[in-house]
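Everything quoted here is computed from the prediction, not taken from an experiment. Just the heavy atoms: all of them, side chains too, but no hydrogens, waters or symmetry mates, feed the values below. In listed order, ligands and their atoms are each counted from 1.
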Amino acid sequence: MKVAPSLLAADFSCLAQEVKRVEAAGADYLHLDVMDGHFVPNLTFGPLVVAALRPHCRLLFDVHLMIEAPERYLADFAAAGADLITVHVEACSHLHRTLSRIKEMGCRAGAALNPATPPQALEYVLELLDLVLVMSVNPGFGGQTFIPAVLPKIERLSGWIKNRGLNTEIAVDGGINREVALAAVRAGARVLVAGTAVFGVTDPGVVIKEFKSFS
Ligand code: DX5
Ligand code: ZN
């Protein structure tokens, strides 16, 4: 099990300290939510903030692009220090090409599915993917409630990945807390993305350790 704290729930007045706090607490990835005010109704940050944080943290940088036409910015995020770049299938006209470009830039490639998007959207690109990000809330905001209807989608993807002998990781993002994390893991999730549950507590180490113990 891997835990990816989502920076969206951090204290934005001291991001470098916040990143160090979750690294010391045992996080595996740092999940960075990029929003453009078009694909999702909210705005966050771009490659400048990713680059500014890079020297402060050794965690794998997992950049979740909630932006329209993400191919326009892949090179900027790769140069900023992204290790894994995840794009939304709903935001890509040419998903296969976009994923191939991410890999050509030397990054790992991820694809995200909104709650209403069926797993079949990934059926013909699964071999290109290092990670599938199953959204368990409608993207745009932290602190929302987990949507249990995505659990069968995780099971379906997990079955395809096993049948094809792939190493693709399934991550689940949104509303992850103690109560729902185990159900997501049982369905096949191997990376738990969590904002509020990790950054919102005094001792993130306790939560991260508990999440990592699930199987
Ligand atoms: C939602 C983001 C999530 C968000 C999760 O659009 O993609 O990564 O930060 O936050 P919590 O864990 O608070 O639901
Ligand atoms: Zn996210």
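A 4.5 Å side-chain heavy-atom check between Val172 and Phe146 finds at least one atom pair inside the cut-off. The closest side-chain heavy-atom distance from Leu7 to Phe199 is below 4.5 Å. You'll find the side chain of His96 stays beyond 4.5 Å of the side chain of Tyr124, heavy atoms only. Taking 4.5 Å as the limit, some side-chain heavy atom of Trp160 sits within range of a side-chain heavy atom of Gln120.
At least one heavy atom of Ala194 sits closer than 4.0 Å to an atom of ligand 1.
Shortest contact from atom 12 (O) of ligand 1 to any protein heavy atom: Gly195 N, 2.8 Å. Distance from atom 2 (C) of ligand 1 to its nearest protein heavy atom, with residue and atom name: Asp33 OD1, 3.5 Å. Among protein heavy atoms, atom 9 (O) of ligand 1 sits closest to Ser6 OG, 2.7 Å. Closest to atom 13 (O) of ligand 1, if we only count protein heavy atoms, is Thr196 OG1, 2.4 Å. Residue, atom and distance of the protein heavy atom nearest to atom 3 (C) of ligand 1 are Asp173 OD1, 2.9 Å. For atom 6 (O) of ligand 1, the closest non-hydrogen atom of the protein is Gly140 N, 2.7 Å. In this structure, atom 14 (O) of ligand 1 lies nearest to the protein heavy atom Gly175 N, 2.8 Å. For atom 10 (O) of ligand 1, the nearest non-hydrogen atom of the protein is Gly142 CA, 3.6 Å.
Short contacts between ligand 1 and His64, defined as distances under 4.0 Å to a heavy atom of the residue, involve ligand atoms 7 (O). Near Met135, with a cut-off below 4.0 Å to any heavy atom, the atoms of ligand 1 are 7 (O). Close contacts of ligand 1 with Met66, meaning ligand atoms under 4.0 Å from a residue heavy atom, involve 6 (O), 7 (O). Close approach of ligand 1 to Gly174 is summarised as follows: ligand atoms under 4.0 Å from at least one heavy atom of the residue are 14 (O). Taking every non-hydrogen atom of His31 and a distance limit under 4.0 Å, the qualifying atoms of ligand 1 come out as 8 (O). Near Pro139, meaning under 4.0 Å from any of its heavy atoms, are these atoms of ligand 1: 6 (O). Distances below 4.0 Å separate heavy atoms of Met35 from the following atoms of ligand 1: 6 (O). Atoms of ligand 1 lying under 4.0 Å from any heavy atom of Gly143, numbered from 1 in the order shown and given with element: 11 (P), 13 (O), 14 (O).
Glu210 and Arg178 are joined by a salt bridge, as a carboxylate oxygen and a charged side-chain nitrogen come within less than 4.0 angstrom of each other.
Rounded to the nearest 0.5 angstrom, Thr196 OG1 and Gln144 CD are separated by 9.5 Å. The NE2 atom of His88 sits 10.5 Å away from the CD1 atom of Ile67 when rounded to the nearest 0.5 Å. Interatomic distance, CG of Leu99 versus CD of Glu127, reported as 12.0 Å (0.5 Å rounding). The distance from the OG1 atom of Thr86 to the CE atom of Met66 is 9.5 Å, given to the nearest 0.5 Å.
Protein N/O/S atoms found under 2.8 Å from the Zn ion (ligand 2), listed by chain and residue number: His31 NE2, Asp33 OD1, His64 ND1, Asp173 OD2.
Residues satisfying the side-chain contact (heavy atoms from CB on, under 4.5 Å) criterion with Ser158, sequence neighbours excluded, are Lys162, Ile170. Shown here are the side-chain contact (heavy atoms from CB on, under 4.5 Å) partners of His94, two or more places apart in sequence or in another chain: Arg97.
Listed by first then second residue, pairs satisfying side-chain hydrogen bond (donor to acceptor under 3.5 Å, both in side chains) with a partner in residues 18-28 read Glu18-Arg21, Lys20-His56, Asp28-Lys212, not counting sequence neighbours.
No option in Leu8, Leu133, Leu60, Val63 other than Leu133 meets the side chain to side chain contact (heavy atoms under 4.5 Å, CB included) test with His31.
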Apply side chain to side chain contact (heavy atoms under 4.5 Å, CB included) to the pair Phe12 and Val49, showing each step before the final yes or no.
CA-CA 11 Å; Phe12 273 48; Val49 171; over 6 Å; no
